[in-house]
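Below, each value reflects all heavy atoms present in this structure, side chains not excepted, and no hydrogens, waters or symmetry copies. Naming: A, B, ... by sequence-line order, numbering from 1 per chain. Everything numeric in this text was worked out from a predicted model, so none of it was measured.
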Number of protein chains: 2
Amino acid sequence: MDKQRRDKKEEASTQGRPTLKTLAFMTGLGVTTVSRALKDAPEIGAETRRRVQLVAKQIGYRPNRAGVRLRTGRTNVISLVLNTDREIMSFVSDIIYGVSEVLAETPYHLIVTPYSRSQDPLEPIRYLVETGSADGVIISRTQPNDPRARYMLEHGMPFATHGRTDMGVVHPYHDFDNHAFAIEAVRRLASMGRRKLALLSPPPGLTYYSHTLNGFADALSEVGASEIPFNTVSIDHSIEQIRSRTAQLMRRENRPDGFVSSAAAATLAIVAGIEDAGLKLGRDVDVVSKQSSDLLHLFRPELLVVNENFRLAGSELARSVLGWIGGAAPGSLQSLSLPGEVQAYQRPAD
Amino acid sequence: MDKQRRDKKEEASTQGRPTLKTLAFMTGLGVTTVSRALKDAPEIGAETRRRVQLVAKQIGYRPNRAGVRLRTGRTNVISLVLNTDREIMSFVSDIIYGVSEVLAETPYHLIVTPYSRSQDPLEPIRYLVETGSADGVIISRTQPNDPRARYMLEHGMPFATHGRTDMGVVHPYHDFDNHAFAIEAVRRLASMGRRKLALLSPPPGLTYYSHTLNGFADALSEVGASEIPFNTVSIDHSIEQIRSRTAQLMRRENRPDGFVSSAAAATLAIVAGIEDAGLKLGRDVDVVSKQSSDLLHLFRPELLVVNENFRLAGSELARSVLGWIGGAAPGSLQSLSLPGEVQAYQRPAD
DNA sequence: TTGGCAATCTGTAACGTTTCAGTATATCTA
DNA sequence: TAGATATACTGAAACGTTACAGATTGCCAA
């Protein structure tokens, strides 16, 4: 019995991965003291604290995540909830990189929680909340009245949304100012003499759909241009659909002489549709498009682009959730990213 | 003392989230029995087993991950290790989706572990192994002699590589057959009468660099075409660099009349460079490019494309690691994806 | 009847952490 | 000098799970 006890103590020094017990053994202190010393608790003597922290660093102690999680309920995990079929183009990776960048400096891990078209978007959120699998959540494709945001608010799960809601509740978000984007886009087209503008909008359910539409409408009346309706299709539609609808539209009597496109991939389809109709970009019609990587000007030099930085969005979202988890006021964790200058094509120096 | 015991027991029924203790209380069994009944242990009576599983399903019992992890060391986590600055285009999201798709049917979570140019690529791997943060790892940008693969083999961490190694050791991988891609590409160019071909290769350090080069060389001699060296640049270089080098090359006396490009984004730059030099795609030169999403034909109809399915790669990689974790022979968990047909442009039906 | 043996079930300990409720010592107050 | 008080530390319990080492029961062979 006594022998067993001694054996147990001694094991601590020889084990594979150091634990609090190892540190306690090495320093001659109790595990409690070691635990507290590592988190700078005030009731630990200054010298003891330094000594423990030194030894911990020396032997490369890292707290066991399962132990912490089991005891405290804190997971040190942020979950990024993604729709696996919609978000087609690359911006997902940018967001992930942005989030990672911020989390890298923290003990947090990033887990990706997917859901697909067949599922209720609420389902992965419920899972996360019910199982307590994350300390914070980031969602995208935010809706004006977003059941996911409501659910998490009700259940006390910190989160940040990519895009704003419109439910009269306050929560962290990061958004790109799509209202401003649409205004700038229209102004630019107007300044080139374009007067009949079409908008390829975001999908109607999402909040930034109306932001974009409002900006578009505001700017239209400001510059005295008119809208050619193009609302049978959105950036969520397939490339083929957008292309053929654009071609249809461009073959009509009353066709637009300017396009505003909310997504880069869709812009490729718009341009293809324009050319299918036998028209020429830059001569018959101009197109302003959002893009997240600087590739559109290679596609057609005549394209006008506005950059949206998704990596930045990822970082901001991560900072926001962490802030909320850390106790900051949700209202102070909201940010809006303004569109960069509308950029015309510039040939790079050789 | 006795009172306390009773209180403790009763708490089990009223708690927020059901645990084994809750189930034990409800069924009148011991926690051990419940635990075993849930995992179909043979020493549990058939009726008891069914009863426990029924109740568990009814009240929505889900094992506490922290508990399992602490006790068993199993994390139920697969880590996807990503370089945050290199992998520029969108294929990262496809891989993630592919992995997610497979993991969704399992208790596994996907965590994304990033590393950046400044870091030793081995560092995140060491972290994962030392802290036991994952049961399996997926890596990309695989090298012929890959220190990460070696390290994980030595430390008994199951993994799968995107791309093969060449170290004389066997481990799970998924790879796209870049040798076959290069051959098909060259053949296609040759069949169009192209005789002087340039290759924009993958970055030299990676395994598929030589696969691509070998395929290219093999096919060149097969069809009797010659190579115009273009090895001052690779798909890892910036768009601007590739563009200006291409333009330089195309202004030379002895310029290529065909390109093989290993990445879609780079192809945009190649075409831009060609046009910078005043030449025309399809007339003066043809280009065969890999692509992961079907957008290149919108860019220039004359482009010849070969599709690489990264979503499939993700799924295969996930299946491979899971297989290894499940005890399958690593040698049986290798797969190679053949390039689809070289696709010429087809105008979609309106 | 007794011992043995299979079939079922159970309590206890342990994983690594934090928190609660202390204990021991030194220092001050009256 | 006695008691209070602050300082620095400690053991035990608990989070939820699984594994080890039994315990109880019924049944069969001897």
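Screening Val99(B), Val92(B), Asp94(B) for a side-chain contact (heavy atoms from CB on, under 4.5 Å) with Ile96(B), the sole residue that qualifies is Val92(B).
Side chain of Val68(B), nearest nucleotide from dT17(C), dA21(D), dT18(D): dT18(D). Nearest nucleotide to the Thr48(B) side chain, out of dC9(D), dC9(C), dT17(C): dC9(C). Closest to the Thr19(B) side chain, of the nucleotides dT18(D), dT10(D), dG16(D), is dG16(D). Here the nucleotide nearest the side chain of Arg71(B), chosen from dC20(D), dT17(D), dC9(D), is dT17(D). Considering only the side chain of Thr32(B), dT10(C) comes nearest among dT10(C), dT17(D), dC20(C).
Note on Gly30(B): only backbone sugar-phosphate atoms sit closer than 4.0 angstrom, heavy atoms only; bases stay farther off. The residue Ile44(B) sits close only to the backbone: its heavy atoms come under 4.0 Å of sugar-phosphate atoms, none of a base. Counting any heavy atom pair closer than 4.0 Å across all strands shown, Gly132(B) reaches no nucleic acid atom. In this structure, Thr33(B) reaches the bases: a heavy-atom distance under 4.0 Å links it to at least one base atom across the strands shown. Within 4.0 Å (heavy atoms only), Arg69(B) reaches no atom of the nucleic acid at all.
For the residue pair Thr165(A)/Asp146(A), the side-chain donor-acceptor check at 3.5 Å is not satisfied. Judged purely by distance below 3.5 Å, without hydrogens or angles, the side chains of Asn145(B) and Arg150(B) pair a donor atom with an acceptor atom. A donor atom on one side chain and an acceptor atom on the other are found under 3.5 Å apart for Gln53(B) and Asp40(B). A side-chain donor-acceptor contact under 3.5 Å links Thr113(A) and Ser79(A).
Under the 4.5 Å side-chain criterion, counting only non-hydrogen atoms from C-beta, Asn83(B) is in contact with Tyr115(B). You'll find the side chain of Phe159(A) reaches within 4.5 Å of the side chain of His171(A), heavy atoms only. Between Arg17(A) and Thr22(A), every side-chain heavy-atom pair lies at or beyond the 4.5 Å cut-off.
We find that CG of Asp40(B) is positioned 13 Å from P of dT18(D), with the value rounded to whole Å. One interatomic measurement links the two molecules: CZ of Arg74(B) to C1' of dC15(C), which rounds to 14 Å at whole-angstrom precision. Note: CG (Leu23(A)) to C1' (dT10(D)) measures 16 Å, nearest angstrom. Atom CG of Leu38(A) is separated from atom P of dC9(D) by 13 Å (rounded to the nearest Å). Going from atom CG of Leu20(B) over to atom P of dC15(D) covers 13 Å, rounded to whole Å. Regarding Leu70(A), its CG atom lies at a distance of 12 Å from the P atom of dT18(D), rounded to whole Å. Rounded to whole Å, atom C1' of dT10(C) lies 16 Å from atom NZ of Lys21(B).
Nearest-nucleotide positions on DNA chain C for Lys39(A) and Val31(B) put Val31(B) closer to the 5' end.
Residues from residues 50-66 of chain A that place a heavy atom under 4.0 Å from any atom of DNA chain C, listed by number: Tyr61(A), Pro63(A), Asn64(A).
OP1 or OP2 of dT17(C) has not a single side-chain nitrogen or oxygen of Ser35(A) nearer than 4.0 Å.
One donor-acceptor pair, N or O on each side, does fall under 3.5 Å between the base of dT10(D) and the side chain of Arg36(A).
Salt bridge present: Asp175(A) and Arg164(A) bring a charged side-chain N and a carboxylate O closer than 4.0 Å.
Classification of the Phe91(B)-Phe310(B) ring pair by plane angle, with boundaries at 30° and 60°, yields tilted.
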Which atoms of nucleotides 5-7 of chain C (N or O only) lie under 3.5 Å from a protein N or O atom, and what are those distances?
none

